[in-house]
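Worksheet: the structure to be examined is printed underneath.
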Amino acid sequence: MFRKFIFTLIFFFILSQQTYAKIDIVYPTSKDVKVKSASLFFIGNTDYGSVFSINSESVQLWEDNFFVHVVPLQYGRNEIKMVSYHHGEVETLTYYVTRLKTSPAAASYSYSSYTYLPSLQKTKTVKSNATVREKPSVSSSRIIDLPEGVVLYLSAKKGDFYKIAEYGETEYWIHKSNISTPQSIEVKEQPVLSGKYVSSDDKYDYVTFNLSYPVFYTLKQNGNSVDLTLYGVQADSANNYRYTFSTDRTIIGYDAYYQGNNLVFRIAKIPDNFDEKNPLKGITVFVDPGHGGEEKGSVGPSRVPEKDINLYISRYLTEYLKRAGAIVIMSRNDDRKVPLYDRVKMAKNNNAIISLSIHSNALPNGYDPYENHGTEVHYYNENAKQLADIIKNNLVYDVHLKDNGVRKSSFALNRSTNPVSVLVEVAYMINPQEYILLKSPEFQENVAKSIKKSLEQYIFVIKK
Ligand SMILES: [Zn+2]
């Protein structure tokens, strides 16, 4: 009884605080912003039944009274005046957006002029994902993420990057944060490959290489084969040793790791007990709802966060996959923060065959959410391209989303070669029609159904 009284009090308190025709701007997040773009989208909501305008231009209100409006910008300071009118109540809100002059395009970065080190230097990787790149720049292509403890010899330096002393035409660069302090050495200790042996279990084929210390290696897929190169290991007449794994089947997950001085190269197998009617039976799938906890992801115009939508779709997906006989591991099944590389590890440690990261998209400043929207699927490695194509094509067909293509991009959750990893950007949080769809349980369920169908088709294809 007393509780009821308190609730009533709180209710009237909230009511008395509310001004009608309130304007809630979700983006931009500050009233005074500086941008370089020629336009800026304003995203937010106002009260039910209001008439809303931005700079005297009347703005469409969608379901839940949200709006998405693109404002063109002049150079310098732009005053953006928003007015919401509701039965005689008027709320006004003013934002200032400064459009900065864009500086001329930076001179293209020259990679050619690096400095040779006075003598050969020796170092070791100190991270479990020490990235080796093609060029001395964080934006350059990744060649491989090495595990901790790999011995590297360095020959040159450019900025914060060291060049790995090598080995033919390709350059290999590593950022100093990935390695221990380099030590000058007189001569390189020649690594020795003393043997290799082949083994297998129900999940992987393995080839183990016995080395005198952990050497630099790369993995490269070419269609139905994967090349493992061990650098500086003299075998036969070549300085580098190459091992090629070939199969007449589709290459799915593969990776390599050190056990002491032994390098284990493994190639995932599809479970043998294949059931044509239930292709997902016994297949382990990792489902990763993007973001969570304090990491909201993007936020829609009526303040529904992306992390919630990703989770709802992922729950439906998990349910459908389990019904089809798959073993499903979720990175989270509630609203919590899970670090990116913990997610990647979880997928690997559970020997998942497929990893799916589920996201909903947004745009940077200067884009028009009415023009730029649709579904897109991101992959990074060759072994995930086919799965990305199947998922994207089915989503376009099944839930009638605009085809925004399959894209090669580098995210923590699609960069691993094991499992086969894709990241799905289902639709855009800031396109009005797509935001309405994303919030709808029926749509979330249909997306899940479509992705489950894609996985069945994929397993069917790779089983042949
Ligand atoms: Zn996201």
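Along the sequence shown, residues are numbered consecutively beginning with 1. Note that ligands are numbered from 1 as they come in the structure, with each ligand's atoms numbered from 1 the same way.
- Taking the ring centroids of Tyr217 and Phe265, they lie at or beyond the 6.0 Å cut-off.
- Residue Glu306 counts as close to the Zn ion (ligand 1), with an N, O or S atom under 2.8 Å.
- Ring centers of Tyr435 and Phe66: under 6.0 Å apart, within the cut-off.
- A centroid separation of less than 6.0 Å is found between the aromatic rings of Phe41 and Tyr27.
- With sequence neighbours left out, Asp335 forms a salt bridge (charged side-chain N to carboxylate O under 4.0 Å, His left out) with Lys307.
- Within His291, the N, O or S atom lying nearest to the Zn ion (ligand 1) carries the name NE2.
- Its N, O or S atom nearest to the Zn ion (ligand 1) is what matters here, and for His359 that atom is ND1.
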